[in-house]
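One structure is given below, encoded as structure tokens.
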Number of protein chains: 2
Amino acid sequence: MTKENTFFGVKEIARRANVSIATVDRVIHNRSGVSEKTKKKINDIIKELDYQPNILASRLASKKIISLAVLIPKVSAETDFWEAPLNGITRAEAEIKKYGVQIELFFFDLNDPNSFNEQAGLILEGHFQGVLLSPSFIEEARKFSEACHKLKIPFTFFDSDVPEQHNLCYIGPHLFQSGYVGAKLLTYRLKEKQQVAVVNISKETDNYNYIQIEEGFRSYFKDHSLPGEILRVNIKDTDSLSVTRQLTKILNDNENIKAMFVTNSRVSAVATFLEKSGRSDISLIGYDFLKENIKHLEKGFIDFLICHKPEEQGYRGVMSLYETLVLGARVEKVHFMPIDIITKENQAFYKN
Amino acid sequence: MTKENTFFGVKEIARRANVSIATVDRVIHNRSGVSEKTKKKINDIIKELDYQPNILASRLASKKIISLAVLIPKVSAETDFWEAPLNGITRAEAEIKKYGVQIELFFFDLNDPNSFNEQAGLILEGHFQGVLLSPSFIEEARKFSEACHKLKIPFTFFDSDVPEQHNLCYIGPHLFQSGYVGAKLLTYRLKEKQQVAVVNISKETDNYNYIQIEEGFRSYFKDHSLPGEILRVNIKDTDSLSVTRQLTKILNDNENIKAMFVTNSRVSAVATFLEKSGRSDISLIGYDFLKENIKHLEKGFIDFLICHKPEEQGYRGVMSLYETLVLGARVEKVHFMPIDIITKENQAFYKN
DNA sequence: CTGAAAGCGCTTACAG
DNA sequence: CTGAAAGCGCTTACAG
């Protein structure tokens, strides 16, 4: 009933190396001021014993706090998607606070790249030991990540990726494949001669995320030699009046459209339109487990929602920094989220 | 950069109560040998300071080890489903070993209720502080859980549930709803006059799990007024020859069958049959993220797999005991797993 | 019924 | 370059 002494600690290492535990500690943490000779001797013993530091004791003894910065879009009516990652971040914080980790939040405006720059600047001045960010603006994010790299601050991207950066890791969806899954579901029961539309409701139609999703979507059609042209619909004004006007026109001009794929979480705007105009004949698929979307899923105006576990992304994003900074563990550079399929029938049990 | 002294500990409580920290410790853990007066005084201070014990320090100082028993079916060619929960259990063990938690595994034979009883008996003699079990045999599980209850050993059910027991919690699928989802997917593109079969490949056709799944499946048809009789196919001999023979007969007798729903992970046996007999016209849905099943998913002979995160069930099962026993946290009595939908296109990113 | 003291496995000044 | 010692917030014999 008492702990076995199967694990060796610094004390045993010190005893075997004939040094004090302080010196062992120096070697373990790669601190300077140890002769090469003793350093090697200690490292050999560490390897031999397969020494695993006791994090409990380490964090208990340490007086250092570790502070992390998080840079994400602010939550608004337009962007309530960001509630979920924020919840995940908060959950992670609650869990690791007792290990002396603190998190500071920085919010930017998704309509304003400058706000991203401003907040990024604040983070650089703030002496943080790690950063978690959504690199929504590619150029701005690139600049910021170079600055972090120079300061040797590890940073994790999540929700979307910027390739070729020195980020610790990326946590988020494989967008191409996600679009591919969307196409599979949308065409699963599509009949011949029925046409499909890809709908982008966003101010920025050339956003890299949307492009990847659409590429995946179109690839599915190519790979399966599905006939018919895929219509591309861009709706830049996201208010319901504009959406209604544009969709009405599109459906008038293209009578064969029987399925729509919305490339982001604004799918509920299309569902509202379909409901009002009584078009339950049109299949609809879009993104994200949002209240508004679930409502339409339940009513039957959305067939499937695709979701990439935004809450877990936030949680895992924080933990990736915690694991490197506190536990000294290596983390995978790319951590793709599952591409979850949500229907009216399984939504009640979905974990965001 | 140094930890804030915002939290109060036993020392501060002792100082304010004018007692030693040993006495404070006694009160915190409800141990005997403290006068009512000092007990009340200390408890008042604890409340006033909103004292939160430091688990790190507590586990570090404690020499007690906590040992948990896990009772699950043994993994065999027939039951490789159980590999995943076992992995989750092992992962949990690795994570909490450093907090002084040990896990002992007990395996029973899914074809032999007596083996369950035997192993359960061993557990009862073993002085464990907590038990995680798959109550595959309802009556036997009921007896065992009553014994645990008497001994005041908390126990968690997972994978399947036994209602009305004193279990700490249940972690697993909502089987009825899972069958319901299966029906939705299977009928999503089904055409009129095409018939559906529910296939049960198992020695025990009257297993409570299968019954619940099938009830959910049939309810979907009722709720959506889908016409046509749902054929019930029981295959008691699970070898491939018997499966082939029986399915051949069924399909000969019922030419309109265009969709099959297999109520467990043996769906690959049906897929193999469909492949060999060139019946790619039949939709097929079944359970679980197993190698054999994924293979057929990729070839296109299985349309969808439904999965309830077996690995996470094992992991969360262990953690439910850890959280109550070590952290003293309350856990939810029922923790339903998501009903995940896996297709050829999203399987690469699925987390079991 | 209560307290003094050692110890869990580390980290951290401080001294040499 | 190295070590002795105090301390992190608890638990645990042991003594009274």
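Below, chain A is the first sequence line, B the second, and so on; all start at residue 1. All values below were derived from every heavy atom in this structure, side-chain atoms included, with hydrogens, water molecules and symmetry-related copies excluded.
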B:L49 atom CG is separated from D:dG9 atom P, nearest whole Å, by 14 Å
When rounded to whole Å, the NZ to P distance for the pair B:K64 and C:dC8 reads 17 Å
Whole-Å distance, B:R31 CZ to D:dA13 P, equals 10 Å
Here the distance between atom P of D:dC10 and atom CG of B:N54, to the nearest Å, is 5 Å
Residues at least two apart in sequence or cross-chain that pass side chain to side chain donor-acceptor pair (under 3.5 Å) with A:K40, listed by chain then number, are A:D44
With a 6.0 Å cut-off on ring centres, are A:Y315 and A:Y322 close enough?
no
Quick one: do B:E12 and B:R16 make a salt bridge, cutoff under 4.0 Å?
-> yes
Do B:F144 and B:F155 have ring centroids that are under 6.0 Å from one another?
no
> When you measure from the side chain of B:T38 to the backbone N and O of B:V34, does any donor-acceptor pair fall under 3.5 Å?
Replying inline: no
So the stems of DNA chain D, runs of at least three Watson-Crick or G-U pairs (under 3.5 Å), are C:1-3 with D:14-16, C:5-12 with D:5-12, C:14-16 with D:1-3
Query - Phosphate OP1/OP2 of C:dT12 contacted by A:S62 side-chain N/O (<4.0 Å) - result: yes
Contacts of B:R31 meeting side chain to side chain contact (heavy atoms under 4.5 Å, CB included) (sequence neighbours excluded), chain-then-number -> B:D25, B:R26, B:H29
B:L60 CG to C:dC8 C1', in whole Å, measures 4 Å
In whole angstroms, the gap separating P of D:dC10 from CZ of A:R59 amounts to 16 Å
N/O contacts under 3.5 Å, protein versus nucleotides 1-5 of chain C?
unit_1: C:dT2; atom_1: OP1; unit_2: B:S35; atom_2: OG; d: 3.4
unit_1: C:dT2; atom_1: OP2; unit_2: B:S35; atom_2: N; d: 3.0
unit_1: C:dT2; atom_1: OP2; unit_2: B:T38; atom_2: OG1; d: 2.9
unit_1: C:dG3; atom_1: OP2; unit_2: B:S20; atom_2: N; d: 2.9
unit_1: C:dG3; atom_1: OP2; unit_2: B:S20; atom_2: OG; d: 3.3
unit_1: C:dG3; atom_1: OP2; unit_2: B:T23; atom_2: OG1; d: 2.9
unit_1: C:dG3; atom_1: N7; unit_2: B:R26; atom_2: NH1; d: 3.4
unit_1: C:dG3; atom_1: O6; unit_2: B:R26; atom_2: NH2; d: 2.4

Across all chains, not counting sequence neighbours, the salt bridge (charged side-chain N to carboxylate O under 4.0 Å, His left out) partners of A:E323 are A:R316
Would you say the ring centers of A:Y170 and A:H335 fall short of 6.0 Å from each other?
no
B:N352 meets the side chain to side chain contact (heavy atoms under 4.5 Å, CB included) criterion, sequence neighbours left out, with B:A84, B:F289, B:C307, B:P310, B:E311, B:Y350
>> Does D:dG7 have its OP1 or OP2 closer than 4.0 Å to a side-chain nitrogen or oxygen of B:K11?
In response: no
Whole-Å distance, A:Y51 OH to C:dG9 C1', equals 7 Å
